[in-house]
Structures are given as C-alpha cells and as structure tokens.
J.: 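Before I ask anything, let me first share the structure, which is written out below as structure tokens.
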Amino acid sequence: MAKGDPGVTTRGRRAAPRSKPKATAGTGDPELVQLLTPEGERIESAFGPDGTEYRVDFTDDEYRGLYRDLVLVRKLDAEATALQRQGELGLWASLLGQEAAQVGSGRALRPQDMAFPTYREHGVLYCRGIDPIMPLGLFRGVDQGGWDPNEFKFNMYTIVIGAQTLHATGYAMGVAMDGKTGGDEGEAVIAYFGDGATSQGDVNESFVWASVFNAPLVFFCQNNQYAISEPLERQTRVPLYRRAGGFGFPGVRVDGNDVLASYAVTRHALDNARHGQGPSLIEAYTYRMGAHTTSDDPTRYRIASEVESWQAKDPIARMRAFLTKQQIVDESFFAEVDEQARTESVELRERVLAMPDPEPLTMFDHVYPNGSPELDQQREQFAAYLASFEGSAH
Amino acid sequence: MATETLTLGKALNTGLRRALENDPKVVIMGEDVGKLGGVFRITDGLQKDFGDRRVIDTPLAESGIIGTAVGLAIRGFRPVCEIQFDGFVYPAYNQIVSQVAKMHYRSRGMLDIPMVIRIPYGGGIGAVEHHSESPEAYFAHTAGLKVVSCGNPQDAYWMIQQAIASDDPIVFLEPKRRYWEKGPVELDGPLSEAYPLHAARVVRPGTDATLLAYGPMVRTCLDAATAAAEDGRELEVVDLRTLSPLDLTAVYESVRRTGRCVVVHEAPSNLGLGAEIAARITEECFYSLESPVLRVTGFDIPYPASRVEEEYLPDLDRVLDGVDRTFGW
C-alpha cells in the first residue's frame, strides 16, 4: 500500500469488525465487499455502497473447483515466469496475487458473455477454456496470440493501456443493438483494465459512451496498486470505484483477493447488464505481488513490509483455510491439486520449448483480409531472396 | 442507366444512403451526424430515414468514436465513422494505427474490422487552424489500413459504397473544398462492376508529361492541363484514387509513355506521398524518364492562416511551373 493512498484510511476503518473470527452477515462496509476474510472465515453476505447485497451459494464441489482454479493459474503463471528467466520467453506479465480477482470474475461469466482483456488476464483466459499455452506464444514471440476471440468469447490481449475498454463498449453497444439484452439469456460484456488505465482518456471515454448508450458492460478494474512503478496516488485522489457515480452508473469496490466476493459482485453486475440495466464499475482491490513484467524490479519502488502485509491476504491461503476449517476437503485434496498443477506446468513447459518459430513468410499473412498486390510482391521478392541462400552456409 | 448531376457532397450522401439500405449492419457514427446531418451535411436526412440506431450521434471524443467502432466491428457491424475535420483525427490516431490497423493481423485473420473512417480533409475553404490539414501520409504509412480519396462526384458515390462493402479498414479522405462541385453520377448498377476502388484512373489523356494527383488536386491538375494545352503541351492527368496501396502499375504505364512526371499534393513535401511515388518511379521507370520526378506540394510548415492559404496551396500556376521545370531539365 502506497503512503497517502486513499485506501489506507478505508482499511484502517474496517480492520476492527473484519478481524472478528465469526463475522456472519451484513458487515455493512461500503468500501470493500468481502465474503471470505484473510483468515478464511466466511461472511454470509455483504453490502455494496448502493445497498446491493452480495452473497454466494456454492456447493462443496464448486468451492473445490475455485480452489483448484486458483492453484492451477498461479502455478502456470509461475512456470511462465521461470521460462522467461531461462530465456524462453521475451517477457511475461505475471498475475501473481491477482488470481482471485481473475478467477472470481472469470467464473462469473456465462458462456454467452464476451471479455476484453489487457495482457495480464491469464486467469480469465483459463476460465474461458482457452489453452493456457496461448499467451505464451505471444510472449515468446512466435505469434500475436493465437486463440479465436469469437469461439471463446475472449478478445485478443491488448497492450496499449485502456484501448480495449472502448472496444468492449462498442461491442456491448452492438449487443444492445442486436436486441440481446433484457433477460436471463441476455449477453453481457466485461472490460478488464488496471488502476493505471483509469488515467487514460480512452477509459474515461468508454465510461461516457457506456453510460449514455446504456451498454451492457461491466468495467472490471484490477487495482493492483501500481502502474509499473507508479503508485495509485499518481493516478487518483479518490477511490476508483467512486468515479462511476460521476458517469452515471454504479461502482463497487470488492476485495480482489477474495474469490467469492469477486465472483459475487461480478455475477451481479453482469446480470444487471444482461437484463438491460446498463454498465457498472467494479474495482477489485488487490495487489500485484510480483513485478509489472519480468523487465522491472519492484524492489526499487516499494518496500518489503508492504509486500508482506499483502502476503497475509493471499487469495489461495484464505481459500485453503476456509476449506480446511469447514472440513470440505482433507489434506489429500490439496496434495492432489498440487500434483495436478505440477503435471500441467511441466506439460506447459515442454510444449513451450517445442513451439516452433514461425516460417518467415507467414509474417506477410493476414495484413489485409483480401490481400494487397503491393504486399504480395514484397512477399515474393523476399521468398526469392531467402531461396537464394539455399545450399549455402547462410 | 440513371445519370444525375450531383455535387460531390450529395453524391457521398446518396452513396451512404444506398449503403444503409443495402446492409442492415452498416451504421454511421460521429459528432453531429444525426439531426444536423454533419457540419458539411454529408449525412443529411439519414438519421431521419434510418433512425438513431443506424445513424448515431456520438459524444464528443474522437478516440471514442473509433474505439467503439472497433468493438462494433468485432460484433459484426460495419461502422462508418465521421471525423469532423482532418485536424481532429489525431486524438483517435492511437486507435486507428494501433488497433484498427492491427486487429486482423493480431488475430491471424480471425477478426475483421470492416470499418470506414471518413475525414473531410485539405484546405481552401478559409477555415481556422486544425480545419485544413492533409494527414494522408500518416495513415498510408501504417500497414493494415487502406487509404483512398475521391476527386469527383462519380467516384464519391461509388467509392464510399465500395469502401463500406470492403472488409478492409479504410481511411476515406473527402476533399472538402470540392464538396460543392458538380458532376455526372451514374446511380445504378452493381457495386462490383463500378470502377475498382484500388485502381488509379487516367482522367485526361496526354502525351508530353504526367500529372499525378488525388483528391482536391485532381481538379487543379485538370485545369492546369487545359491551360497547358493552349500552349501546345498535352499533359496526362492521373487520379491516383487510392493512396495505400498505390496503383503503381497505372502510374508506371503513364510515365513510360510521357517520360516526365510531376506529383501534386496539398500535404507537405517532406516524406509525403510524392516522395514515395518519385522513388518508385525512379526504380521502375529510370530509362523511360526524360527528367527527374518533381513534386509540387504544400510547404513544410503547419497549415498557415487562411488569408495566405492560397499561397500555400498548389494552384494552376505552381503546377504549370513544375511542368516547365521538368521540360527545362
């Protein structure tokens, strides 16, 4: 937590009631919706700033499933980070610490919903049923991301900060124009972005557009406290979720390290959108435990005690504590999940190492849907040039 | 075949109307395009007839217009965005070059962005700053975009429809000072049989030198050719029509025939379209050239105050001066 961050006082205020081990219903803290404490205590329901009550009703199997998602996503992310350190990826944007925000929101999506990610939503991507190797191709440099956005309802990663929020807004306008809102079968759209993106013009423009066109859209801001090295205080002087009010739609801050609350608020917002009630903003209050990407060094801009304080709120540890306390699982379950995660990460590693470089001439593909004579000529000339080296030592 | 005399602006309006009629996924969006009909009235009457879900008055933010159109295109719509003036496209520049242009490539062909970005461009109407610019080179330099410019009402009517029907994202440059010029327009016939969108056209045949122009300068070059003919010089005028990709085959044919070439555009000369065209002609037609390819262009200054824009803009005399220089080599 950065000094001067508006969240500091917030967290101080709520510390007392939250630390009680047996909180049950309606804690009434409008600043942070939480359904699972860092100690693994369940809160039956919580209220948002507009009085909305949030609760979840999961079966034991579903709780186990969420835990499994969190562990697998973290392990795959760790594997990718290791691969970058070993020179197998050019870069990696780790989600470490943000698993609950991503799995909670990702599992809240219905099949018909469409997501517009940044470049860090590996957990949401996983929840959409996309092969987790896909983003590694992008970061390895063998492609620009290879999944089909229409098939998986998950758009390509967007690297320019905030640009995708406008795409999500336009898509959501299209959903409404297609008459696909107004009932349980309606479609909703979710736009992911970070705290830094809230400073961008595009994000503000998308707020304006979504509001005036009543787009079926959920803005999902993962406030991980830092935009590379710049703390939240360099982006805002008010809690981000409150911005929604100025644009004319509801905003809520959720404990982004709480997978249950992240699920509950996202499902609620998506359902509102699909029923034609327009956009909303969710600020998932979380922390990026690692670097922004493997290129930066977070020890230069944040202190160890801050990282430690967030470690105590770890999304997986609290879910594990909950499952144990409630006797939903026994120790063998955790071992089995860990083993699955290990197996899948080994497989991922082997597949990444086996990823072939693209054939050079494929770089000319898909510039234009129907091609371009100029480009065809360049491709032919380059092909002839490459062929001229055949049989030589080059 | 029904032929009517229309202004270039009315021809665009009629073409947009026909596109809206033919494809329910076409939507027009921009600032003031609805009730007002656009500041140049190019969308006049369209919202009245097609409703505010087909012709959408947007909030006042250019990046938002283009960025939401990307999302609409992913959703299956064919957005036609109006940027009110050339100098206002820059707030949308990031969306155009980083998103619109690259989405098809990024997705390895799984997403199409069939979008048209209409920009009234160029000077000559006595406007204030930011209302008279020629930004074509910025967009022509970006792979994934196609850039076209119409020079007469007939092309305006057909090219806008062809651009909307194309799966490519297209920057469609409208020569705003020619909006009120009239010409014959053949209104009927299937789109596919109209003159191809990405083909240059010889608009006046000649034998002595080639004038290459597009958009607002086509008329200027035609006038120059008429004047030159009185002095006994037959100038061929080629309307490029498409700026990216350039139809260089047609350019080479003309230059090989005449042996001399002057490229004319309003945009500044430094790294402008003329530079690329001159380089290409030099590579391909070196032995056919009687003199270097010359350029007659705007100057390398910000677009000046309107009281001196007539000095800035290439006119008939400056074009003829350029022609004289090619003969004086």
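To find a chain, count down the sequence lines: A is the first, B the second, and so on, and within it residues start at 1.
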J.: Output the option from Asp148(A), Val189(A), Thr362(A), Leu375(A) having the highest count of non-hydrogen pairs under 4.5 Å with chain B.
T.: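 Greatest number of close heavy-atom pairs with chain B: Asp148(A).
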
J.: Calculate, to the nearest 0.5 Å, the distance between atoms NZ and OH belonging to Lys146(B) and Tyr368(A) respectively.
T.: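 Result: 6.5 Å between the selected atoms.
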
J.: Tell me whether the count of non-hydrogen atoms from other residues, nucleotides or ligands lying under 6.0 Å of CD in Gln381(A) goes above 12.
T.: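 Yes, enclosed.
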
J.: Using a 4.5 angstrom heavy-atom cutoff, name the option from Gly174(A), Gly170(A), Ala172(A), Gly201(A) with the most pairs to chain B.
T.: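 Highest number of pairs under 4.5 Å: Gly170(A).
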
J.: Quick one, His104(B) and Pro369(A) - any side-chain contact, counting heavy atoms below 4.5 Å?
T.: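 A side-chain contact under 4.5 Å exists here.
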
J.: To the nearest 0.5 Å, tell me how far Met156(A) CE sits from Ile74(B) CD1.
T.: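 The CE atom of Met156(A) sits 10.0 Å away from the CD1 atom of Ile74(B).
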
J.: May I ask you to name which of Ile65(B), Asp247(B), Thr249(B) has the most heavy-atom pairs under 4.5 Å with chain A?
T.: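 Of the options given, most contacts go to Ile65(B).
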
J.: Assess whether side-chain contact (heavy atoms from CB on, under 4.5 Å) is satisfied between Gln95(B) and Asp202(A), documenting all intermediate values.
T.: CA-CA 9 Å; Gln95(B) 283 288 343; Asp202(A) 277 3; 2.8 Å; yes

J.: Are there more than 12 heavy atoms of other residues, nucleotides or ligands under 6.0 Å from atom CD of Gln112(A)?
T.: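 Yes.
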
J.: Find the one option among Asp168(B), Asp167(B), Val27(B), Asn94(B) whose heavy-atom pairs under 4.5 Å with chain A are most numerous.
T.: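 Result: the option with the highest number of such pairs is Asp168(B).
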
J.: For each of Thr169(A), Val175(A), Asp143(A), Asn150(A), tally heavy-atom pairs with chain B at distances under 4.5 Å, and name the one with the top tally.
T.: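 Looking at each of Thr169(A), Val175(A), Asp143(A), Asn150(A) in turn, Val175(A) comes out on top.
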
J.: Kindly give the heavy-atom pair with the smallest separation between Ala176(A) and Arg53(B), and that separation in Å.
T.: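 The pair with the smallest heavy-atom distance is O-NH2, 2.9 Å.
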
J.: Could you tell me which portion of Ile113(B) (side chain, backbone, both or neither) has an atom closer than 4.5 angstrom to a non-hydrogen atom of chain A?
T.: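 For Ile113(B), neither part sits under 4.5 Å from chain A.
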
J.: Using only atom types and a distance under 3.5 Å, with no angle test, would you say the side chain of Tyr171(A) pairs donor to acceptor with the backbone of Ala73(B)?
T.: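 No: the side chain of Tyr171(A) does not pair with the backbone of Ala73(B).
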
J.: Could you look at Glu187(A) and say if it's the side chain, the backbone, both or neither that has a heavy atom under 4.5 Å from chain B?
T.: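 Glu187(A) touches chain B through side-chain heavy atoms alone.
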
J.: Taking atom CG of Leu72(B) and atom CG of Leu166(A), what is their separation to the nearest 0.5 Å?
T.: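 It comes to 11.0 Å.
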
J.: Flag the pair His167(A) / Thr68(B) as yes when at least one side-chain heavy-atom distance between them is below 4.5 Å, and no otherwise.
T.: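 Not touching, per the 4.5 Å side-chain cut-off.
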
J.: Please classify the contact between Ala163(A) and chain B as side chain, backbone, both or neither, with a heavy-atom cut-off of under 4.5 Å.
T.: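 Both the backbone and the side chain of Ala163(A) come within 4.5 Å of chain B.
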
J.: From Trp147(A) CH2 over to Met110(B) CE, what is the distance, rounded to the nearest 0.5 angstrom?
T.: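 Those atoms lie 9.0 Å apart.
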
J.: Can you tell which of Arg106(B), His198(B), Met103(B) has the highest number of heavy-atom pairs within less than 4.5 Å of chain A?
T.: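 Option with the top pair count is Arg106(B).
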
J.: Report which part of Ile66(B) has an atom under 4.5 Å of a heavy atom belonging to chain A: side chain, backbone, both, or neither.
T.: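 Answer is neither: Ile66(B) stays 4.5 Å or more from chain A.
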
J.: Is it true that atom NZ of Lys180(A) has more than 12 heavy atoms of other residues, nucleotides or ligands lying nearer than 6.0 Å?
T.: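 Check fails, neighbour count at 12 or below.
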
J.: With a 4.5 angstrom heavy-atom cut-off, which part of Asp112(B) approaches chain A: side chain, backbone, both or neither?
T.: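 Interface part for Asp112(B): side chain.
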
J.: Could you tell me which portion of Asn155(A) (side chain, backbone, both or neither) has an atom closer than 4.5 angstrom to a non-hydrogen atom of chain B?
T.: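 Asn155(A) touches chain B through side-chain heavy atoms alone.
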
J.: Heavy atoms, side chains only, cut-off 4.5 Å: are Val212(A) and Thr58(B) in contact?
T.: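 When only atoms from C-beta onward are counted, Thr58(B) and Val212(A) do not touch, as no gap falls below 4.5 Å.
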
J.: Quick check on Phe213(A) against chain B: is it the side chain, the backbone, both or neither that has a heavy atom closer than 4.5 Å?
T.: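 For Phe213(A), the side chain is the part near chain B, not the backbone.
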
J.: Rounded to the nearest 0.5 Å, what separation is found between the CD atom of Gln99(B) and the OG1 atom of Thr158(A)?
T.: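 Answer for the CD-OG1 pair, Gln99(B) versus Thr158(A), is 5.5 Å.
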
J.: Please classify the contact between Arg54(B) and chain A as side chain, backbone, both or neither, with a heavy-atom cut-off of under 4.5 Å.
T.: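 Neither part.
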
J.: I'd like to know if Asp178(A) pairs up with Lys25(B) as an ion pair, taking the criterion as any Lys NZ or Arg NE/NH1/NH2 lying under 4.0 Å from an Asp or Glu carboxylate oxygen.
T.: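 Yes, Asp178(A) and Lys25(B) are salt-bridged.
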
J.: Under 4.5 Å heavy-atom distance to chain A, tell me which part of Ser63(B) shows up: side chain, backbone, both or neither.
T.: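 Answer is both: backbone and side chain atoms of Ser63(B) are under 4.5 Å from chain A.
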
J.: Atom CZ of residue position Phe139(A) - does it have more than 12 heavy atoms of other residues, nucleotides or ligands inside 6.0 Å?
T.: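 More than 12 within 6.0 Å, yes.
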
J.: Taking side chain as everything from C-beta outward and backbone as N, CA, C, O, which of these in Gln144(A) sits under 4.5 Å from a heavy atom of chain B? Side chain, backbone, both or neither.
T.: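 Both parts, heavy atoms under 4.5 Å.
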
J.: Using modelled atom types only, decide if a donor and an acceptor are shared between the side chain of Tyr105(B) and the backbone of Phe364(A) within a distance under 3.5 Å.
T.: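 Not at all, since once roles are kept as given, no pair shorter than 3.5 Å links the two residues.
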
J.: In terms of heavy-atom proximity below 4.5 Å to chain B, should Val367(A) be classed as side chain, backbone, both, or neither?
T.: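 Contact with chain B is through both the backbone and side chain of Val367(A).
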
J.: Give me the atom names and distance for the closest heavy-atom approach of Glu205(A) to Gly64(B).
T.: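 The answer is OE1-N, 2.5 Å.
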
